[in-house]
Amino acid sequence: MVSQVDGSMIVVSNRLPLVVEKIGDEWQIGPAAGGLVTALEPVMRRVNGLWIGWPGSAAKAAPYAELFERFAEQHGYRLAGVPLTEEDVELYYQGFSNETIWPLFHDLLGRTKFELATWQRYQQVNEKFAVAIVDQLLDDQLIWVHDYQLALVGAQLRALGVRNRLAYFLHIPFPSFDLFRRLPWKKKMLDGLLQYDLLGFQTLRDRRNFVASVRELYPQVTADIRRRVTYLDFGNRQVTVGNFPISIDFEEFNQGARQQQVADEAWYLHEHYQGRQLFLGVDRLDYTKGISKRLLAFERALEKYPDLCRQATLIQVVVPSRAQVPEYISLKEELDRLVGRINARFSEHGWVPIHYLYRSLDRTQLLAHYRSCEIALISPLRDGMNLVAKEFCAASIEENGVLILSEFAGASAQLGQHALLVNPFDIEGTADTIWQAFSMDEEERRQRMRQLRSEVRRNNVDRWVEQFMIAVRPQLEDLY
Ligand code: ADQ
């Protein structure tokens, strides 16, 4: 299926999938970390696509034409940049995207700001993206726009006269109408989204929330609900709405975890933490990831189940993210304080309960951590999907890992049956689940992990793209 879109797809996202930096006199390019990039890279390589986005502000003077050419040779797909001004970044990205949509769509109304100036700039920057797309556009290309920063690009493209098929995928949750209705510009936001031909969400819950909001604000619409998609009929046009759980390249993690370098790193970790079970948290620095509550739950578990002391260690890896947004700066300070307090309270000679790494890991180190840690502790307050949960299972090649997963992660819809589900707001319950995982016998671990791995293997990233592409192509609609 995927080969049928070879060369004919434009992917658009806020950030281009690369990091540019100057080392000495040399400009270097490297791949960026993050869920979207992890999911789309293999697909873009396969279809030799064009990816349009903002290159980032760190390196304004970089020779982009040359760097993009080098990138295309190395990665097998092309890039085109959308330059943004500092004010754009402040108002559209840090402002409306990350201080309005992000918290609101993650059910965190108390953190949500509503400011006219950021909303206005959001619309203008979405138009900038639309103009950049038109510059590159061929007649019959599919334009696939990603995520919450670019909800209105489709509407701006239509306003510029573009008639290509337009698809959109939202990587974060879509909130209930009760929350969505707080947005002062909700009608404009929906008007914009409804200009896409296909709207993709992560879970059935998100799709239902979206359709419910449309029905509230457009009472005349008729909704034809099928198993995989809902068709919204506006009389003169139809919009397809579906849920497509994003995934990972299972084999990349499964095979990657077997490499010698990974085994060496994993051996080193085992030696270092000998005789202990390792819990692992891997997250971008973000208040939605529930890191503070997780640390409190771990603390409560140490208090309530003293056998954990000296026998369990939590390795918490946090990747720096959105470092300019004030909320994220104070979150970092809060985590530093919490880790310090808990470690000071429980540490003994030769054992520290929490090992806290504030940095990104390279692929080998990440795989080694997945492989050597017995228990993944993934407890976001809300998460569109959460790829770390799937990566952990795919890399758990000894098949004895335990997955503790928040019921509010999109991934729980697929993995919930064989993971240990927690409500991250329930510190006591999470502490009990930490103990349950720690004391789970080998047989049960294997049974659960085998099921989890076969679920992730079956529903890998290819399937995500395939399902999305089938939904994009109207001649296949009868299949549903
Ligand atoms: P994110 O919020 O970025 O993505 P997630 O899905 O967990 O969250 O993806 C994070 C990615 O970053 C993973 O691929 C992981 O391997 C990588 N990563 C995390 N910590 C790392 C570290 N310390 N070092 C190296 N790499 C690290 C958004 C949504 C999610 C959704 C994805 C994809 O918020 O809900 O799953 O998009 O749609």
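Counting convention: from 1, in listed order, for ligands and their atoms alike.
Using bins of under 30°, 30° to 60° and over 60° for the plane-to-plane angle, the ring pair Phe129/Tyr92 lands in the tilted bin. Ring-plane geometry between Tyr77 and Phe71 is classed as perpendicular, the angle between the planes exceeding 60 degrees on a 0 to 90 degree scale with a lower cut at 30.
Close contacts of ligand 1 with Arg359, meaning ligand atoms under 4.0 Å from a residue heavy atom, involve 23 (N). The distance from ligand 1 to the heavy atoms of Val282 drops below 4.0 Å at these ligand atoms: 19 (C), 20 (N), 21 (C). Heavy-atom contacts of Gln202 reach the following atoms of ligand 1: 31 (C), 38 (O) (cutoff under 4.0 Å). Near Val388, meaning under 4.0 Å from any of its heavy atoms, are these atoms of ligand 1: 7 (O), 15 (C).
Within the set Lys289, Met385, Arg284, the minimum heavy-atom distance to atom 8 (O) of ligand 1 is found for Lys289.
In this structure, Gln365 has no heavy atom closer than 4.0 Å to ligand 1. Residue Tyr370 places a heavy atom less than 4.0 Å from ligand 1.
No side-chain donor-acceptor contact under 3.5 Å links Asp88 and Tyr93.
Looking at Trp119, Trp102, Tyr148 one by one, the single match for ring-ring contact (aromatic ring centres under 6.0 Å, His included) with Phe96 turns out to be Trp119.
Summarising the local packing, OH of Tyr268 is surrounded by 12 or fewer heavy atoms from other residues, nucleotides or ligands at distances under 6.0 Å.
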